Amino acid sequence: MALDADILLDRRRLKKSVFRWRVIAVIAVLAVIVIGLAGTGIKDGVMGGLGPKVVEINIEGVIAEDPYLLEALEAIEDDSDVVGVIVHINSPGGTMVGGETLFEALRRIGETRPIVAEMGTVAASGGYMTAIAADHIIARRGTITGSIGVIFQSMNFNGTLEKLGVEPLTVKSGPLKAAPNPFEPIDDAAKTAMQGLISDMFDVFVGMVAERRDMPVDAVRTLADGRVFTGQQALANGLIDEIGGRREALRWLEDKAGVTPEADVVPLEIEYPEDDLMSALLEGNLGKVLSSEGLKLDGLLAVWQPE
């Protein structure tokens with residue numbers, strides 16, 4: 001009986017010991033998982049990760065006012081872990097207000113941390129306006145960029161309506177109300193008024209380039225006749241800083257901006273409502289859809305599009 005009691009006591013001691021080791025093992029596994037999640041950048045919020053990180057922002061397609069993108073950019077301002085930003089641009093531009101708003105949002109981020117822009121196939125007009133928000137601009141040799149300018153487009157159907165025997169009727173409070181009107185000929189006064197709008201915004205665009213690229217305004221105006229440049233030509237004219245791609249962008253952040261190689265590189269996550277997301281997927285404008293009604297281009301444009 002004494003022997004059986006000793007065996008039973010040893011078994012109890014062994015079970016307790018095994019239980020303690022199991023608890024320790026579970027705690028160790030959970031610790032490894034937490035550390036792993038932190039290292040891979042998984043975290044609640046717009047961008048995950050604990051510790052320093054570089055955020056990559058993709059600007060693609062037509063640029064217009066995008067409140068969801070702006071909200072995500074504001075999150076970067078408030079995230080003290082963000083030590084640098086890379087902006088990948090592949091865009092022909094878009095609305096003047098859309099480009100201006102995006103530029104200002106990036107500059108607010110740039111006040112406290114370095115930004116480098118990496119141009120893709122096209123970064124023209126409003127796409128170039130986005131790029132000059134960065135502290136360093138990189139492009140490929142064959143990148144199409146430049147097209148510094150503003151455009152307003154309209155149509156006139158007056159001749160066609162006359163051939164069809166249709167006479168449009170417009171009653172308005174003043175001669176320049178709703179001008180240009182596609183249903184009536186445009187006169188010199190309307191042309192002059194529209195040119196005033198274009199010139200005003202053109203001066204704004206030129207001033208932005210001159211300030212950000214540290215160039216005389218007259219030098220910028222010489223380049224701002226609407227033409228596009230290759231990456232090589234843009235470098236020669238001082239519109240960009242370097243030929244290269246993402247590797248060079250990361251290297252600049254490390255060598256020139258003091259960003260440590262240990263910093264995680266994470267993409268900017270933009271949270272779109274479900275209907276906007278579906279519309280984006282169907283139309284191929286993911287990240288650029290303003291509402292479920294689709295993307296609209298109204299007002300003054302800073303966009304490049306070959307005929």
Side-chain angles (χ1 to χ4, degrees), residues 59 63 84-152 192-245 248-249 252-253 255-257 299-306:
I59 304 298
I63 296 173
V85 174
I86 300 176
V87 184
H88 304 283
I89 306 170
N90 192 5
S91 169
T95 67
M96 182 68 186
V97 171
E100 180 184 3
T101 304
L102 180 55
F103 170 88
E104 292 174 349
L106 290 172
R107 283 312 312 143
R108 285 192 293 270
I109 296 172
E111 292 177 357
T112 56
R113 64 214 80 185
I115 302 177
V116 57
E118 184 229 333
M119 295 178 171
T121 302
V122 179
S125 206
Y128 182 69
M129 183 184 292
T130 301
I132 61 175
D135 305 300
H136 191 74
I137 304 176
I138 300 173
R140 296 293 183 181
R141 292 180 178 86
T143 295
I144 297 298
T145 187
S147 186
I148 302 169
V150 184
I151 185 174
F152 180 91
T192 300
M194 293 307 304
Q195 187 60 55
L197 295 178
I198 297 298
S199 298
D200 184 49
M201 288 298 96
F202 176 67
D203 290 341
V204 170
F205 199 166
V206 169
M208 293 166 69
V209 176
E211 178 182 359
R212 293 298 302 158
R213 297 304 300 168
D214 193 21
M215 297 171 63
V217 172
D218 291 341
V220 176
R221 287 188 180 277
T222 301
L223 302 173
D225 55 5
R227 82 182 87 170
V228 293
F229 303 91
T230 65
Q232 289 189 140
Q233 292 172 329
L235 179 63
N237 285 288
L239 296 178
I240 69 169
D241 299 294
E242 185 181 358
I243 297 295
E248 286 72 22
W252 180 83
L253 285 175
D255 296 345
K256 304 298 182 181
L300 298 176
L301 307 181
V303 63
W304 174 78
Q305 178 64 51

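All values derive from a computational prediction rather than experimental measurement. Atom set for the values below is all heavy atoms of this structure, side chains included, hydrogens, waters and symmetry mates excluded.
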Is any side-chain heavy atom of [X] less than 4.5 Å from a side-chain heavy atom of [Y]?
X: V220; Y: R213; value: no
X: N90; Y: E118; value: no
X: T143; Y: T230; value: no
X: I63; Y: M129; value: no
X: L197; Y: M201; value: no

Atom of [X], atom of [Y] and distance for their closest heavy-atom approach:
X: A234; Y: T145; answer: CB-CG2, 3.7 Å
X: F205; Y: S125; answer: CZ-O, 3.4 Å
X: G231; Y: I240; answer: O-CD1, 3.4 Å
X: A224; Y: V206; answer: CB-CG2, 4.2 Å
X: I132; Y: F103; answer: CG1-CE1, 3.8 Å
X: G149; Y: F202; answer: CA-CD1, 3.9 Å

Please answer whether the main-chain N or O of [Y] pairs with a side-chain N or O of [X] as donor and acceptor at a distance below 3.5 Å.
X: S91; Y: G127; result: no
X: R107; Y: A133; result: yes
X: S147; Y: V228; result: no
X: R140; Y: M119; result: no
X: R113; Y: V85; result: no
X: E248; Y: G245; result: yes
X: D135; Y: V116; result: no

I'd like to know whether [atom1] of [X] has more than 12 heavy-atom contacts from other residues, nucleotides or ligands below 6.0 angstrom.
X: E211; atom1: CD; value: no
X: D225; atom1: CG; value: yes
X: R227; atom1: CZ; value: yes

Distance, nearest 0.5 Å, that separates [atom1] of [X] from [atom2] of [Y]:
X: K256; Y: D241; atom1: NZ; atom2: CG; value: 11.0 Å
X: M215; Y: L239; atom1: CE; atom2: CG; value: 5.5 Å
X: E242; Y: I137; atom1: CD; atom2: CD1; value: 11.5 Å
X: R221; Y: I148; atom1: CZ; atom2: CD1; value: 11.0 Å

| task | Evaluate the criterion side-chain contact (heavy atoms from CB on, under 4.5 Å) for residue pair I243 and I138; output intermediate values, then yes/no. | result | CA-CA 6 Å; I243 297 295; I138 300 173; over 6 Å; no
| task | Check the pair L223 / F229 against side-chain contact (heavy atoms from CB on, under 4.5 Å), numbers first and verdict last. | result | CA-CA 9 Å; L223 302 173; F229 303 91; 4.0 Å; yes
